[in-house]
Every structure is written in structure tokens, then in C-alpha cells.
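To keep things clear, I will list the structure first and then write my remarks on it.
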Amino acid sequence: MRALRIFLIVVVVLGVLFVVVDRVAVHFAEGEAAGKLKTSENLASTPDVSIEGFPFLTQVAGGTLDDVRVGIKDYDATTGTAGKTIRVEDLKADMKGVTFTGDYSSATARTATGSALISYDELLKNVDTQPADLGLGFTGKVVGLSDGGNGKIKVTVDITVPGVDAHQKVTVVSSVAVKDNAVQVHADNLPKLAGVGLVESRLRQASDFQQAIDQLPGGIRLDKVEAAADGVEIGVKGSNVRLAG
């Protein structure tokens with residue numbers, strides 16, 4: 001019995017030591033991966049990297065991490081227009097099947113899904129500031145974006161009345177969708193201006209717009225989008241996504 005007790009104590013001690021070593025190793029790996037990702041994506045702050053699953057060391061031995069979660073507070077994505085970027089907030093991505101090099105200088109995920117937010121102010125900042133020609137001397141441009149409820153965006157358009165120094169603001173409720181890796185905003189219905197018969201296609205030149213969101217981290221792309229209280233919530237996905245290297 002005494003020998004059995006000693007054996008059990010040894011097993012417990014070794015188990016505890018293994019857990020401690022495993023957690024120290026995963027903490028080190030998370031720090032290394034976060035640093036490499038910050039450098040490769042030129043981030044202003046260090047991202048959060050969490051390697052899920054236990055034990056970590058057996059995953060390392062197999063050469064593939066089952067699940068790696070990444071959080072980036074702010075990311076400036078390109079817009080397709082030279083010199084212009086758009087701020088993407090709270091980007092969270094779940095990476096599956098991550099292969100890596102021994103020094104974590106290169107890592108690639110088999111698949112990735114995630115979410116992020118683009119504020120209405122940020123989206124508005126990137127809307128074309130030049131008034132659109134609506135015909136009959138009228139011009140219009142988007143001057144406000146807000147939550148329209150039920151996954152819609154409320155778009156405020158400022159219309160300049162010709163011949164007089166007057167403006168008329170109209171609001172439209174618009175649907176939002178993803179098309180060709182861009183956020184597309186399309187008015188569900190257009191208002192009628194009193195006494196004016198503007199062609200719908202002309203009015204849509206002011207109310208409708210799209211915003212490209214290019215070069216997200218690792219090559220992930222837009223998948224879906226929905227209007228929310230603070231901005232548009234985007235879903236992203238990708239395959240063979242590069243985390244670093």
C-alpha cells in the first residue's frame with residue numbers, strides 16, 4: 001500500500017508539473033505570435049492572441065494548433081482609393097487548423113471566421129464628399145448615417161435647391177449588403193420632393209453608395225454585413241489565412 005501511495009503521489013506531481021509547463025509554453029507562444037502579428041500587419045498596438053485547447057504541447061508536437069483566436073482593437077483597411085483608409089474596430093477572428101514554423105515567424109490557418117465594427121462616423125467620412133448632380137439644377141450628398149432599426153441604415157441626404165440659397169434634408173431607410181468585397185448601401189424607397197420630378201436613378205446617385213474594405217489581416221474578406229446601433233457589423237471569413245510571415 002505504501003508503494004502504491006508513493007506511486008500515486010509521483011503521478012500527481014508529474015501531472016501538475018506537466019500542466020504548469022504546458023501553460024508556460026502556451027503563454028510564451030501567444031506572446032511570440034502576437035508580436036509577429038503586430039509587426040507583419042503594422043499594428044499600432046499588440047493584438048490579443050489566445051491558443052485554445054489542452055494540452056498545448058501535444059498540438060505543437062503534431063505541428064497544428066486546433067483553434068487560435070485573435071483580437072485586434074483597431075485596424076486601418078485600405079479602401080481602393082489611394083491614400084484613404086477606413087478604421088475597422090474590434091476585429092475578432094477564430095482561426096482553425098493553424099500550422100506554424102518552429103519560431104512562430106510564419107503561421108497559416110486552414111479557415112478563419114470573425115466579426116468587426118465600422119462606426120457610422122467612419123463610414124460617413126469615406127463617402128464621396130462631392131455633391132451628385134440630380135438633374136434640373138439640384139445636387140445632393142449624404143451628410144448623415146445612423147441606425148435605422150431592423151438591420152437597416154438611416155441615410156440623411158442634403159439636397160441643394162437651385163436658384164436660391166436653400167437646402168432640404170431628406171432621410172431614407174436603406175438596406176446594407178456585401179458585394180465584391182464592399183459594403184453596399186441601397187435605399188429601399190426614395191422620397192418625392194414637393195413639386196419636383198427627379199429621375200430615381202439620379203437621386204440614387206446621392207443616396208446610394210458602396211465602400212470597399214480591402215486588405216484585411218491575413219487576406220480575410222467580407223462575408224456579411226448588418227446595420228447596428230453603433231455602426232455596421234461585418235462578418236469576415238477566409239481560407240489559408242496568414243497570421244504571420
Side-chain angles (χ1 to χ4, degrees), residues 26-27 29-53 64-100 104-127 145-147 151 153 176-185 209-245:
V26 75
H27 180 72
E30 288 170 345
E32 287 292 302
K36 298 292 185 183
L37 182 58
K38 179 183 178 182
T39 300
S40 65
E41 296 293 343
N42 194 29
L43 302 176
S45 59
T46 303
D48 294 325
V49 175
S50 176
I51 300 173
E52 305 297 311
T64 302
L65 302 178
D66 298 333
D67 187 0
V68 178
R69 298 178 184 179
V70 175
I72 299 175
K73 182 178 180 181
D74 294 308
Y75 184 82
D76 291 329
T78 60
T79 63
T81 301
K84 293 188 68 175
T85 60
I86 187 166
R87 176 65 56 89
V88 178
E89 303 175 13
D90 297 325
L91 176 60
K92 297 179 176 65
D94 191 3
M95 314 286 189
K96 302 291 188 182
V98 179
T99 56
F100 55 92
Y104 305 104
S105 60
S106 176
T108 303
R110 183 179 66 254
T111 61
T113 57
S115 62
L117 177 76
I118 301 174
S119 71
Y120 288 121
D121 287 343
E122 188 69 17
L123 191 59
L124 179 63
K125 187 178 74 176
N126 283 272
V127 175
L145 299 173
S146 60
D147 181 22
I153 293 181
V176 58
V178 171
K179 183 178 181 181
D180 298 329
N181 212 40
V183 175
Q184 185 178 64
V185 178
F209 64 92
Q210 66 178 23
Q211 177 61 61
I213 312 291
D214 294 332
Q215 296 183 8
L216 289 168
I220 55 177
R221 294 174 60 84
L222 291 181
D223 177 44
K224 56 186 179 181
V225 61
E226 183 175 6
D230 299 323
V232 291
E233 296 177 344
I234 62 173
V236 297
K237 68 177 183 179
S239 56
N240 297 321
V241 175
R242 175 181 51 78
L243 278 75

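For this chain, numbers begin at 1 and follow the sequence in order. Values below: every heavy atom of this structure, side chains too, minus hydrogens, waters and symmetry copies. Source: prediction; values computed, not measured.
Classification of K96 and D67 as a salt-bridged pair holds, one side-chain N sitting under 4.0 Å from a carboxylate O. A salt bridge does not link D94 with K92: every distance from a Lys NZ or Arg NE/NH1/NH2 to an Asp or Glu carboxylate oxygen is 4.0 Å or more.
Checking side-chain atoms of Y120 against main-chain N and O of A228 turns up a donor-acceptor pair under 3.5 Å. A donor-acceptor pair under 3.5 Å is absent between the side-chain atoms of E52 and the main chain of D66, judged by distance alone. Distance alone, capped at 3.5 Å, places no donor-acceptor pair between the T79 side chain and the I86 backbone. Counting only distance, with no hydrogens or angles, the side chain of E41 and the backbone of G218 share a donor-acceptor pair below 3.5 Å. With hydrogens and angles ignored, the 3.5 Å screen pairs a side-chain donor or acceptor of E122 with a backbone N or O of R87.
Atom-to-atom distance recorded for S239:OG and I220:CD1 is 12.0 Å, nearest 0.5 angstrom.
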* Where do E89 and S119 land on the side-chain contact (heavy atoms from CB on, under 4.5 Å) test, with the steps shown first? -> CA-CA 8 Å; E89 303 175 13; S119 71; 4.0 Å; yes
* To do: Please test L123 against F209 for side-chain contact (heavy atoms from CB on, under 4.5 Å), starting from the C-alpha separation and ending with a verdict.
  => CA-CA 11 Å; L123 191 59; F209 64 92; 4.3 Å; yes
* To do: Evaluate the criterion side-chain contact (heavy atoms from CB on, under 4.5 Å) for residue pair D214 and N181; output intermediate values, then yes/no.
  => CA-CA 7 Å; D214 294 332; N181 212 40; 3.5 Å; yes
* **CA sep, side-chain torsions, deciding dist, call: I118, V225, side-chain contact (heavy atoms from CB on, under 4.5 Å)** => CA-CA 10 Å; I118 301 174; V225 61; over 6 Å; no
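The environment of NZ in K84 is crowded: more than 12 heavy-atom neighbours from other residues, nucleotides or ligands sit within 6.0 Å.
For the residue pair A212 and A182, the shortest heavy atom distance occurs at CA-CB, 3.7 Å.
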